[in-house]
Amino acid sequence: MDELTQRLSDEQPVAVGGPKPTLEELRVRLEDIGTVFVKFTETRGGTDLGIRLDREASDYAGADFEGGSGTVHVEGTLVLNDDPVRCVADIDLATLRGTGRLVVVEMSEVVA
């Protein structure tokens, strides 16, 4: 397992990442695009990962995008430095911050 993957496997602070980390952009990505950016903020310069959403495992029931409150639970997969991983994160909509971690999975889960 890659060293970065190992470090991001522990629960730690995350934030909404990507080129436009706003509440509206997060909503569009969750509801329409199907990919989100999650930034692990504790690494040098931060590690911004684009994940392909697993809509069945993600949960937005506690989210109030109009009011900018509540939380979203996002899960999705990617390959990080040759390691197939699942990103699991809970993000507070008021701050666009939360906690997350990576879980190593089988490659078939990532490419399925």
Side-chain angles (χ1 to χ4, degrees):
M1 178 188 315
D2 179 76
E3 179 190 344
L4 179 59
T5 302
Q6 178 68 44
R7 280 193 288 151
L8 299 181
S9 297
D10 294 327
E11 188 86 8
Q12 58 193 277
V14 296
V16 173
K20 193 175 177 184
T22 64
L23 181 61
E24 182 56 29
E25 180 69 12
L26 176 62
R27 179 183 197 168
V28 168
R29 289 189 164 282
L30 290 172
E31 294 178 353
D32 299 333
I33 298 173
T35 62
V36 295
F37 290 95
V38 175
K39 185 173 184 175
F40 288 79
T41 59
E42 297 295 303
T43 60
R44 190 177 334 148
T47 301
D48 205 354
L49 302 176
I51 65 171
R52 186 178 64 176
L53 274 178
D54 178 342
R55 293 183 190 275
E56 291 183 19
S58 298
D59 183 7
Y60 325 136
D64 175 6
F65 284 98
E66 296 301 322
S69 63
T71 60
V72 292
H73 175 81
V74 295
E75 291 194 27
T77 57
L78 69 144
V79 176
L80 176 63
N81 298 340
D82 295 326
D83 292 327
V85 295
R86 171 173 290 272
C87 179
V88 179
D90 293 297
I91 298 172
D92 182 282
L93 296 184
T95 61
L96 298 180
R97 295 186 173 275
T99 58
R101 70 183 189 287
L102 297 182
V103 178
V104 175
V105 297
E106 295 294 324
M107 184 61 84
S108 60
E109 186 176 330
V110 176
V111 296

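Nothing fancy with the numbering, it's 1 onward along the sequence.
- Clustering ILVMFWY residues whenever any of their side-chain heavy atoms sit less than 4.5 angstrom apart, transitively, puts V85 in the very cluster that holds L4.
- When hydrophobic clusters are built by joining Ile, Leu, Val, Met, Phe, Trp and Tyr residues whose side-chain heavy atoms come closer than 4.5 Å, directly or via intermediates, V104 is not grouped with M107.
- For the pair D82 and D2, the minimum side-chain heavy-atom distance is 4.5 Å or more.
- You'll find the side chain of V88 stays beyond 4.5 Å of the side chain of E11, heavy atoms only.
- To the nearest 0.5 angstrom, E31 atom CD is 8.5 Å from R55 atom CZ.
- Heavy atoms only, all atoms of each residue included: P19 and F37 are closest at CD-CE1, 4.0 Å.
- Side chains of V14 and V38 form a contact here, defined as non-hydrogen atoms less than 4.5 Å apart.
- The main-chain N or O of D32 is never found under 3.5 Å from a side-chain atom of R27 such that the two would form a donor-acceptor pair.
- Distance CZ/R29 to CD1/I51: 11.0 Å, rounded to 0.5 Å.
- Proximity of T43 to L8: side-chain heavy atoms (C-beta onward) are separated by under 4.5 Å at one or more points.
- Annotation for S9 and R101: closest pair O-CB, 3.7 Å, computed over non-hydrogen atoms.
- Contact of the T47 side chain with the R7 side chain is not registered, since no non-hydrogen atoms from C-beta on lie closer than 4.5 Å.
- Between L102 atom CG and T77 atom OG1 the span is 11.5 Å, to the nearest 0.5 Å.
- Put simply, the side chain of Q12 gets close to the backbone of D10: a donor and an acceptor are under 3.5 Å apart.
- Closest of all the heavy-atom pairs between R97 and A15 is NH1-CB, 3.8 Å.
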Q: For the pair L93 and S69, evaluate side-chain contact (heavy atoms from CB on, under 4.5 Å) and give the outcome as yes or no after the intermediate values.
A: CA-CA 5 Å; L93 296 184; S69 63; 5.8 Å; no
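- Atom CG of residue D59 and atom CG of residue D90 lie 9.0 Å apart, to the nearest 0.5 angstrom.
- Considering all non-hydrogen atoms of both residues, S58 and L53 come closest at OG-CD2, 3.7 Å.
- Of the inter-residue distances, the one linking L26 atom CG with K20 atom NZ reads 12.5 Å to the nearest 0.5 angstrom.
- In terms of heavy atoms, L96 sits closest to P21 at CD1-O, 3.5 Å.
- Looking at every heavy atom in both residues, D92 comes nearest to T71 through CA-CG2, 4.0 Å.
- Both F65 and V16 are part of a single hydrophobic cluster, where members link through side-chain heavy atoms under 4.5 Å apart.
- Between V36 and I91, the closest side-chain pair of non-hydrogen atoms is not below 4.5 Å.
- Put simply, M1 and L49 are part of the same group of oily side chains (I, L, V, M, F, W, Y) that touch within less than 4.5 Å, one to the next.
- Between R52 and L78 the shortest side-chain heavy-atom distance does not fall below 4.5 Å.
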